[in-house]
Amino acid sequence: MPKSGIEQEIIDALEPLAAERGVDVVDVEVVGATKAPCVRVRVDHADESLPTITLDEVTEETEWISAALDELDPIPSSFTLEVSSPGMARPLRKQRDFERFAGEVVSVSLTPGEGRRRYTGTLLGIEAGAVALEVDGERVELPFDDIRKCTIKPDFSA
């Protein structure tokens with residue numbers, strides 16, 4: 001999945017440090033105005049058997065993330081840093097995410113091109129570089145490299 005240059009630069013800088021701390025960098029977004037953007041970093045436990053990261057743990061992780069971004073200095077102007085858990089609408093970025101969350105209902109946006117660009121369906125998994133979904137009773141395979149954004153759709157029916 002393609003990321004903007006700054007976002008990928010931040011991910012590349014944070015992932016080795018996060019691994020040392022047992023943390024997974026779920027996603028990074030740079031949003032807002034060019035002069036004062038917001039850098040959103042979503043983190044979770046690297047150990048998938050643990051429950052989702054708590055607010056107190058996020059607070060602990062914010063300190064080293066802030067220090068790493070200060071050292072990297074990816075944005076020439078000032079920016080706001082937001083560090084959070086992935087939340088219910090968890091973004092899926094890595095191939096292993098598409099394996100781990102098979103069975104979940106997801107919303108997928110593709111990079112601009114010909115044909116349909118948005119899908120909502122049940123994630124079946126990933127194989128041979130294609131993400132498989134069940135959409136309206138039919139299997140759809142989407143090239144992993146063409147996925148711009150994929151998030152889990154929270155189920156509020158309960």
Side-chain angles (χ1 to χ4, degrees), residues 1-19 23-48 52-53 58 61-62 65-66 68-69 72-157:
M1 293 177 35
K3 282 293 211 178
S4 78
I6 291 174
E7 290 170 343
Q8 191 60 53
E9 184 180 348
I10 293 170
I11 290 169
D12 292 344
L14 294 180
E15 281 187 331
L17 300 170
V23 175
D24 180 32
V25 177
V26 174
D27 193 37
V28 171
E29 287 182 306
V30 178
V31 296
T34 308
K35 288 188 176 186
C38 177
V39 176
R40 292 184 183 144
V41 179
R42 292 180 184 91
V43 296
D44 201 354
H45 295 120
D47 182 351
E48 296 171 359
T52 302
I53 196 165
V58 168
E61 304 305 328
T62 301
I65 293 171
S66 179
L69 291 179
L72 180 64
D73 198 21
I75 299 169
S77 60
S78 63
F79 63 90
T80 302
L81 174 62
E82 290 180 4
V83 180
S84 70
S85 71
M88 293 180 69
R90 182 189 186 104
L92 306 182
R93 180 175 61 86
K94 302 171 189 165
Q95 288 194 12
R96 71 172 192 212
D97 293 339
F98 290 89
E99 295 166 1
R100 177 180 174 197
F101 292 101
E104 297 283 345
V105 175
V106 296
S107 180
V108 179
S109 298
L110 300 177
T111 55
E114 294 183 26
R116 188 170 171 180
R117 291 186 49 213
R118 298 188 191 284
Y119 294 85
T120 299
T122 303
L123 177 62
L124 301 175
I126 185 169
E127 58 184 58
V131 173
L133 300 176
E134 183 179 316
V135 180
D136 300 326
E138 293 186 27
R139 182 182 174 100
V140 177
E141 292 190 4
L142 307 170
F144 178 76
D145 292 338
D146 289 352
I147 296 176
R148 184 174 60 89
K149 184 175 184 178
C150 181
T151 56
I152 295 175
K153 283 194 63 92
D155 180 10
F156 297 109
S157 62

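Here, residue 1 is the first one in the sequence, and each next residue gets the next number.
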Nearest heavy atoms of Leu123 and Phe101, plus distance in Å: CD2-O, 3.5 Å
Heavy-atom neighbours of Glu48 CD exceed 12 at 6.0 Å: yes
Side chain to side chain, Ile75 and Pro37, heavy atoms closer than 4.5 Å: yes
CA sep, side-chain torsions, deciding dist, call: Val105, Asp155, side-chain contact (heavy atoms from CB on, under 4.5 Å): CA-CA 8 Å; Val105 175; Asp155 180 10; over 6 Å; no
Minimum heavy-atom distance Ser107-Thr120, with the two atoms named: OG-OG1, 3.9 Å
side-chain contact (heavy atoms from CB on, under 4.5 Å) between Asp24 and Arg96, worked out: CA-CA 12 Å; Asp24 180 32; Arg96 71 172 192 212; 3.0 Å; yes
Interatomic spacing from CD in Glu82 to CZ in Arg42 - rounded to 0.5 Å: 8.5 Å
Working for salt bridge (charged side-chain N to carboxylate O under 4.0 Å, His left out), residues Lys94 and Glu15: CA-CA 12 Å; Lys94 302 171 189 165; Glu15 281 187 331; 3.6 Å; yes
Atom pair OG1 (Thr122) and CG (Asp136), whose distance is rounded to the nearest 0.5 Å: 10.0 Å
Value rounded to 0.5 Å, distance of CD in Glu141 from CD in Glu127: 6.5 Å
Arg93 side chain vs Val25 backbone, donor-acceptor pair below 3.5 Å: yes
CD-CD1 distance between Glu99 and Ile126, expressed to the nearest 0.5 angstrom: 7.0 Å
CG/Asp73: more than 12 non-hydrogen atoms of other groups inside 6.0 Å: yes
Distance in Å, Thr80 OG1 paired with Arg40 CZ, rounded so as to fall on 0.5 Å steps: 10.0 Å
Set of side-chain hydrogen bond (donor to acceptor under 3.5 Å, both in side chains) partners for Asp47, sequence neighbours left out: Ser49
Side-chain touch Leu14/Ile65, heavy atoms, less than 4.5 angstrom: yes
Exam field: side chain Arg117 to backbone Ser109, donor-acceptor pair closer than 3.5 Å: no
Closest heavy-atom pair and its distance - Val30, Glu7: N-OE2, 2.9 Å
Heavy-atom pair with the smallest gap, counting every atom of Lys35 and Ser77: O-OG, 2.7 Å
Thr111 backbone acceptor or donor facing Asp146 side chain under 3.5 Å: no
Audit row: Leu110, Ile147, side-chain contact (heavy atoms from CB on, under 4.5 Å) steps and yes/no: CA-CA 4 Å; Leu110 300 177; Ile147 296 176; 4.0 Å; yes
Contact summary for Pro86 and Arg90, nearest pair of heavy atoms: CG-NH1, 3.3 Å
Heavy-atom pair of closest approach, residues Val58 and Val83: CG1-O, 3.4 Å
pair Arg116-Val135: side-chain heavy atoms closer than 4.5 Å: yes
Whether over 12 other heavy atoms sit under 6.0 Å from Arg118 CZ: no
Value rounded to 0.5 Å, distance of SG in Cys150 from CG in Leu133: 7.0 Å
